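A, B, ... follow the sequence lines: proteins, then strands. Residue 1 opens every chain. Since we're looking at a predicted model, the values are computed, not measured. Both backbone and side-chain heavy atoms feed into the values below; hydrogens, waters and symmetry mates do not.
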Amino acid sequence: MGVFDNLINGFGAALSPTNLLWVGIGVVIGTLVGIIPGLGPPATLSLLLPLTINLPPTTGLIMMAGLYHGAKFSGSIAAVLLNIPTEPSSVVLCFDGHELAKQGRAGAALGVSAISGFIASTFGVVALTFAAPVIAKLAIDFGPPEYGALMVFALLLVIMMTSNSPVKGFVSMGLGLLLSTVGVDIFSGQPRFTFGSVTLLGGISFIIVSVGLFAVGEVLVNVEKQTGRPLFAVPQRVREVMPTMADFKQSRAAIGIGTVIGFFVGSLPGGGSTVASFLSYTIVKRTSKHPEKFGHGAIEGVAGPEAANNSESGAAMIPLLSLGLPGTASTAVMLAALLIYGLQPGPLLFTQHPEIAWPVIASLYLGNVALLILNLPMIPIWVKILKIPYWVLYPAILVLSVIGVYSIRQSLFDLFLLAGFGLLGYVFHKLKVPVAPLLMAFVLGPMAENAVRQSLTLSDNNPLIFVQRPISATILGVAVVGAIVLALTSRRGRPVSVAAIADGDTGPVDQIADGDTGPADLIADSAEPHRLGPAVPRQTPSSDPSSPADLLGQERRIS
Amino acid sequence: MRAIRITTFALALAVTAFAAAGCNPKASASGKPASTSVVVHTAPGGGSDVFTRQVIKLMQQTKLISGNWPVNNQSAGASIGAMSYLNGKSGSSTTIAAITPTWLVTPMTLHTTTVKFDTFQPIAEILVEPYMMIVPANSPFKTANDFVTAAKAQPDHYVQAGGSLTAVDSLDGKALQANTGAKWKYLTFSDVGSRITALLRGDAQVMIASPVDVASELKSGKFRAIAVVGAQAIPSYPAVPTLKAEGIDLGDSLPAEFRGFVGPPNMPASALAYYQGLFAKLVKTPQWASFVAANGDISQYADGADFKALLTDQEKSLSTLVSQLNLGQS
């Protein structure tokens, strides 16, 4: 029996009415619970683990797939509508998704997010079914030197993200790397930068850093403006809520790039969706015909990372099911569920328990379909959140942030950290330092450090190990060539004006820092009309969402 | 405004959950607490977390408990967070915690901590995860002595893959090197998966692992077990000789991956007795026996003074090894 028959049988087993009911319940619960920051997919899965393990294995795992996709999607909702990254991989969505929301295109952003996720997930499941043995081999070949080379590549991309303001970018990245070293070092068993605090021994949670910098930081910045006007252009007609054909045409390439990167990174144990989404955002932006739009509401900036995020979840099942290695926090919880069911994931799962392995793969896909069916019609309702006046919305964002951070481990100390990072986000905005390099370095830092130290242990401190092994040498080569090519191409055709520097290359806080880039500012920020100059009329964002930013860019380049 | 209502609902859900976790109802006359939550020091999916959830499921299946025992993941600082949390629950009868050797080692190696396991009320040890020396299927080493001899001939040439430097697999490896005079390198990975691929790839030649971690690779013939590190043979792997049988005697108090449960300081005696009764019954059920056999573990029940003695004994041998590594508190 071929793999295709197996997959069909898997769908057959998964498609019972009971299972469909549970996958639906999973999607709904996942969407509701996942909107709280800190309760991303892994936390939601583990919270509901006691419930699912009392169901039969296939049903339980299918419900978990529904939960997983639901929680992932509500990550998009919170990021796009409220600028709250509820989980690490949705940080990238804040860059452009929230900008789109300010322009009244929140529905388009959410729609593209769901649909590009669906396309990528389809690819992920198909590739998982047919390419798993090859990919599993690759996962084994990836050792410390290979990860080290991959991290060099990734950190190079971080530098490229900041190439228009190198000094500030490096400061931000350096701070991110430094913050990532806090906690117990597993090589020596000794604490680093914990200052005697027990809570810091486990390191700083990514959620605290990102929610502080984004959600709390944004609230502080906007409260200071005291505009009293609505921040969002709220779409009135249903037609404006849904993404247009033009959106999809624009996103095609981004979805392709995101899907492939997500699948590749996701299939490596320890790769994870955060790295996948960051990498795809940077590459989509770098290969775009109009990179200057990124950070101001480029729909590709939503489509690419979301595609990566979702093809990653199919790919992450490869190391889990074929090798028994969880690549991400979510698959670690799935692994726990399998173990509690008495199933040992690994090379034998497919031969010994095909009745479990294939329905799990099918259910991952069904989870995504259920999400599309249940949540696309809900988008207009979600978008109504934006109608909430700011004096309700801001306290609500703060409350959600505080509850989310507190729920991670019920620590008051974490709330002080949250406040600290909120202030840092505010200061970054004032000094026009981008936050994206900090976050990316914070994620990549420990992986890079471990990989390099493990490699040097293997080679007795001989750095040549990175070029002696074919895969790592290839990745390093690609990184060097890519860096040269991109450095050359990005010089060409760039406006010389210093004022254009911060545009498009940085995180949302930086855009806010400019105080005049997003169309929302054109509407809301009438306190500083002089910045725009008399020549620029007030724009209604719904007329042409991209024009205000463009106009502004023109304006600045001229000046 | 449906969206708002939904958000409010989600919030209410969360708030209720926190409130439920925080309350501390009094134990009933029979010593049976109104509820029980179990603190573990790993994140969901980590070793202690999975084990605890499996135990809870077995308790439900064998009808020893009726409701669910929520697992509380206090994963800060490799058990320090969990220990501090448990200290804060002094006198409680509704909180217990899963203890592993990490709870003994971490306070020795972290200069700043003041928490220590001996303030807790030992409930019961229920299991030992034995360790085996594992090599890839194509390895030239057929016995532990083969590997030790080769490692003596080429010091610091071979590589052992394992967890953090102070984990039991690392310390057992150090004990073996100290005993035999062989020397090899140690490659730290935080997850078991990376250790397995390091062996499959040939970056490392040996690992010291519990059967449950490599069961799938052993069954599919990718790995071979060449020796049992502890003094006791493993019932599920009768063909694998112990190191002692191979002529390498590491003594009786080698660090072992024991698993048990403790209560907070000053836990009421009635609650203590209730939990001990539960675990004592659990280890006698056939479901427990098949769980232990499936994982290649050794069932080992000890409660009260016996468990306390075992913890003290383990602490002594761990601290000897840790001080040899120059990691101890100065």
Side-chain angles (χ1 to χ4, degrees), chain A residues 32-33 35-36 39 42 45-46 49-50 53-54 139-144 183-184 186-191 194 196 198-199 201-202 269-270 319 323-326 329 332-333 335-336 339-340 342 344-349 381-382 384-385 388 396 400 403 407 409-411 450 454 457-458 460, chain B residues 1-4 6-7 9-11 13-15 18 21 43-46 49-50 53-54 57 60 68 70 73-78 80-81 84 109-113 156 159 163-166 185-194 196-198 200-201 203 215-217 219-220 222 294 327:
Chain A
L32 291 180
V33 179
I35 199 126
I36 300 169
L39 291 184
L45 283 175
S46 61
L49 203 53
I53 58 171
N54 287 319
I140 291 175
D141 285 340
F142 250 72
V184 174
I186 63 163
F187 285 83
S188 63
Q190 290 304 308
T194 57
V198 171
T199 16
L201 286 175
L323 302 170
L325 316 175
V333 180
L335 177 67
L339 289 172
I340 294 166
Q344 177 69 51
L348 296 180
L349 187 67
I381 295 163
W382 285 114
K384 293 223 170 76
I385 287 182
I388 304 170
L400 267 179
I403 288 179
S407 71
R409 52 180 188 191
Q410 294 86 48
S411 155
N450 287 345
Q454 285 154 353
T457 303
L458 278 177
D460 295 319
Chain B
M1 290 290 99
R2 174 131 172 242
I4 302 178
I6 291 171
T7 320
F9 172 69
L11 277 178
L13 251 180
V15 169
F18 299 141
D49 174 79
V50 172
R53 290 178 196 269
Q54 285 168 329
K57 190 167 186 214
Q60 291 171 329
N68 182 42
N73 301 88
Q74 293 286 336
S75 53
I80 301 298
S84 309
T109 57
L110 285 176
H111 299 242
T112 47
T113 52
D156 279 335
V159 178
S164 104
L165 199 58
T166 51
K185 293 193 279 191
Y186 189 73
L187 195 54
T188 290
F189 291 101
S190 54
D191 61 312
V192 179
S194 301
I196 292 173
T197 53
L200 290 173
R201 200 167 48 241
D203 279 348
S216 175
E217 282 73 19
K219 272 188 210 144
S220 62
K222 289 190 169 152
L327 287 171

Straight-line distance of B/D49 CG to B/Q54 CD, nearest 0.5 Å | 9.5 Å
Verify, without hydrogens or angle tests, whether B/K222 (side chain) and B/L200 (backbone) share a donor-acceptor contact under 3.5 angstrom.
-> no
Of the backbone (N, CA, C, O) and the side chain (C-beta and beyond), which part of B/N68 lies under 4.5 Å from a heavy atom of chain A, both, or neither?
-> side chain
Looking only at non-hydrogen atoms, find the nearest pair between B/K185 and A/D460 and report the distance.
-> NZ-OD1, 3.0 Å
Cut-off 4.5 Å, heavy atoms of chain A, and the answer for B/F189 is both
In terms of heavy-atom pairs under 4.5 Å with chain B, the winner among A/P144, A/G183, A/A396 is A/P144
Of all the heavy-atom pairs spanning B/D203 and A/L458, show the shortest one and how long it is.
-> O-CD2, 3.3 Å
